[in-house]
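Structure first, then comments.
Quick note: residue numbers are just sequence positions, from 1. No experiment lies behind these values; they were computed from the predicted model shown. Heavy-atom basis, side chains included; hydrogens, waters and symmetry copies ignored.
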Amino acid sequence: MENEAGRNDRSRRTEHTKRRIKHSMGKNGTQPTTKNVTPAVTPWGKNRVKNTETGNHVLIMPGIGYTVDRPLLYWAAQALAANGWFVDRLDLKLTESVEFPEMIACMERVVDEWRKAALEHAAESGEEPQLLVVTKSLSTLSYPHSAKLGLRVVLLTPVLNPPPFDKHKSVIPAPLPGTAGSPMPLICAGDADPYYDDAKAYLLTDHVRTYAGANHSIEVPDDWQTSLDYLKQVTQAIVDYAG
């Protein structure tokens with residue numbers, strides 16, 4: 001059993017780590033703010049464990065208009081938290097003049113800072129770190145950066161064909177250069193999603209799940225029952241991929 005001196009020493013080390021993490025992540029979490037993008041990473045209120053009690057850490061990242069409270073991301077967080085993962089969630093505040101390269105660069109910095117803090121928290125827990133990033137639409141464009149960091153990534157409705165409203169024609173390169181040895185991502189998408197390309201998906205990974213008739217939200221218009229079935233299947237695929 002740990003004696004009083006040992007507990008005090010552990011408490012001092014924990015506080016020291018917290019101060020370093022707070023300094024590296026800013027006052028209110030990860031906020032590498034740019035002119036047109038204000039990000040904020042916050043712990044989910046439904047976490048079952050403290051961030052220093054587990055090596056399993058996941059970052060949930062949104063799309064444009066598809067926040068972390070929308071079904072695919074909400075239930076991913078719910079399921080992973082139930083399995084003992086500590087969940088952090090990213091919110092993005094965007095101006096009307098923001099462009100894709102600025103958003104992507106900001107998200108890459110978010111991933112860097114989140115990864116650094118998550119590894120420090122995992123070290124506090126004494127467990128082997130297991131890091132996971134769950135992305136949706138816009139945030140899937142940060143995948144090349146995460147792959148180079150060796151992170152496991154879930155790509156929900158990845159942007160493999162450029163959106164018509166993005167003058168920069170941003171897409172995930174397929175195949176992705178410079179990532180030999182990186183974990184294959186999990187891809188989940190509807191086959192009626194105009195930004196999805198099945199052939200390109202298989203150039204990135206063997207872990208591909210497609211859903212017949214589903215749109216960019218992995219929903220089938222006017223068919224709530226199938227849409228709910230797909231939501232459950234996507235959530236289970238994420239849980240299985242996380243391990």
Side-chain angles (χ1 to χ4, degrees), residues 29-30 39-51 53-92 107 110-111 114-115 117-118 121-122 129-143 145-147 149 151-160 172 183-190 193 195-196 201 204-211 214-220 224 226-243:
T30 301
V41 170
T42 54
W44 196 32
K46 297 185 179 183
N47 279 314
R48 310 289 182 88
V49 294
K50 295 180 180 179
N51 54 9
E53 293 177 340
T54 180
N56 294 344
H57 290 257
V58 58
L59 176 62
I60 308 290
M61 302 179 70
I64 295 178
Y66 200 99
T67 72
V68 290
D69 289 316
R70 295 288 297 274
L72 292 169
L73 299 178
Y74 173 88
W75 286 105
Q78 184 88 296
L80 291 169
N83 281 4
W85 288 75
F86 184 85
V87 179
D88 285 304
R89 307 197 304 166
L90 171 65
D91 288 297
L92 293 175
M107 290 186 295
V110 166
V111 169
W114 171 81
R115 175 179 175 272
H121 288 136
Q130 299 291 334
L131 306 187
L132 177 67
V133 180
V134 178
T135 61
K136 169 71 173 79
S137 189
L138 167 68
S139 58
T140 67
L141 293 168
S142 67
Y143 166 65
H145 184 72
S146 294
L149 295 174
L151 294 170
R152 289 190 299 155
V153 182
V154 175
L155 302 173
L156 301 177
T157 68
V159 181
L160 297 172
I172 300 171
M184 285 187 178
L186 167 67
I187 290 178
C188 297
D193 180 351
Y195 310 135
Y196 177 69
L204 294 172
T205 182
D206 295 335
H207 309 306
V208 178
R209 305 286 186 276
T210 54
Y211 303 91
N215 59 20
H216 193 56
S217 296
I218 313 187
E219 297 176 359
V220 179
W224 63 267
T226 299
S227 297
L228 287 178
D229 287 341
Y230 286 169
L231 175 60
K232 183 176 180 180
Q233 291 173 35
V234 171
T235 305
Q236 186 63 59
I238 294 171
V239 169
D240 292 343
Y241 178 76

Results of ring pair (Phe, Tyr, Trp, His ring centres under 6.0 Å) for Tyr241 - residues two or more places apart only
none

Looking at Val110 and Pro39, what are the two nearest heavy atoms and their distance?
CG2-CB, 3.9 Å

Set of residues satisfying side chain to side chain donor-acceptor pair (under 3.5 Å) with respect to Asn215, sequence neighbours excluded:
none

In the structure I gave you, are the side-chain heavy atoms of Leu92 and Met61 within less than 4.5 Å of one another anywhere?
no

If you measure from CG on Leu141 to CG on Leu155, what distance do you get to the nearest 0.5 Å?
9.5 Å

Locate the shortest heavy-atom distance separating Arg70 from Ser217; write the atom from each residue and the value.
NH2-OG, 4.5 Å

Run the numbers on Trp75 and Leu231 for side chain to side chain contact (heavy atoms under 4.5 Å, CB included), then give the verdict.
CA-CA 8 Å; Trp75 286 105; Leu231 175 60; 3.7 Å; yes

Side-chain heavy atoms of Pro185 within contact of His207, under 4.5 Å
no

Are any non-hydrogen side-chain atoms of Val87 and Leu59 less than 4.5 angstrom apart?
no

Before giving the answer on side chain to side chain contact (heavy atoms under 4.5 Å, CB included), spell out for Tyr196 and Thr157 the whole-Å C-alpha distance, their side-chain angles and the decisive distance to 0.1 Å.
CA-CA 7 Å; Tyr196 177 69; Thr157 68; over 6 Å; no

For side chain to side chain contact (heavy atoms under 4.5 Å, CB included), just list the numbers for Leu72 and Lys136, CA-CA rounded to whole Å, side-chain angles, deciding distance to a tenth of an Å, and then say yes or no.
CA-CA 9 Å; Leu72 292 169; Lys136 169 71 173 79; 3.9 Å; yes

Is a side-chain N or O of Asn47 found less than 3.5 angstrom from the main chain of Trp44, in a donor-acceptor match?
yes

I'd like to check the side-chain contact (heavy atoms from CB on, under 4.5 Å) partners of Thr54; sequence neighbours left out, ordered by chain and number.
Val49, Asn56, His57, Phe86, Glu127

All pairs passing salt bridge (charged side-chain N to carboxylate O under 4.0 Å, His left out) where residues 80-92 contributes a residue, at least two apart:
Asp69-Arg89

Flag the pair Ile187 / Leu204 as yes when at least one side-chain heavy-atom distance between them is below 4.5 Å, and no otherwise.
yes

4.5 Å side-chain heavy-atom contact, Met107 and Leu138
yes

CG-CD1 distance between Leu156 and Ile238, expressed to the nearest 0.5 angstrom:
4.5 Å

Walk me through whether Gln78 and Lys46 qualify under side chain to side chain contact (heavy atoms under 4.5 Å, CB included).
CA-CA 8 Å; Gln78 184 88 296; Lys46 297 185 179 183; 3.8 Å; yes

Given 3.5 Å as the limit, does a donor-acceptor pair link the side chain of Ser139 with the main chain of Pro62, or not?
yes

Can you check whether Lys232 reaches Asp229 side chain to side chain, under 4.5 Å on heavy atoms?
no

N/O donor-acceptor pair under 3.5 Å between Thr205 side chain and Met184 backbone
no

Report the distance from atom CD of Gln233 to atom CG of Leu228, rounding to the nearest 0.5 Å.
11.0 Å

Nearest heavy-atom neighbours spanning Leu160 and Ala201:
CD1-N, 3.8 Å

Do the side chains of Leu80 and Leu132 get nearer than 4.5 Å, heavy atoms only?
yes

Which residues pass the side chain to side chain donor-acceptor pair (under 3.5 Å) test with Asp240, not counting sequence neighbours?
Gln236

Excluding sequence neighbours, so at least two apart, what forms side chain to side chain donor-acceptor pair (under 3.5 Å) with Tyr230?
none

Does a side-chain heavy-atom distance below 4.5 Å link Tyr211 with Ser227?
no

Looking at Lys50, is its backbone amide N or carbonyl O close enough to the side chain of Glu53 to form a donor-acceptor pair, meaning the two atoms are under 3.5 Å apart?
yes

Smallest separation among heavy atoms of Thr135 and Thr140, with atom names
OG1-CG2, 3.3 Å

Heavy atoms of Gln130 and Trp85 approach each other most closely as O-CZ3, 3.3 Å

Which atom names give the shortest non-hydrogen contact between His216 and Ser137, and what distance separates them?
NE2-OG, 2.7 Å

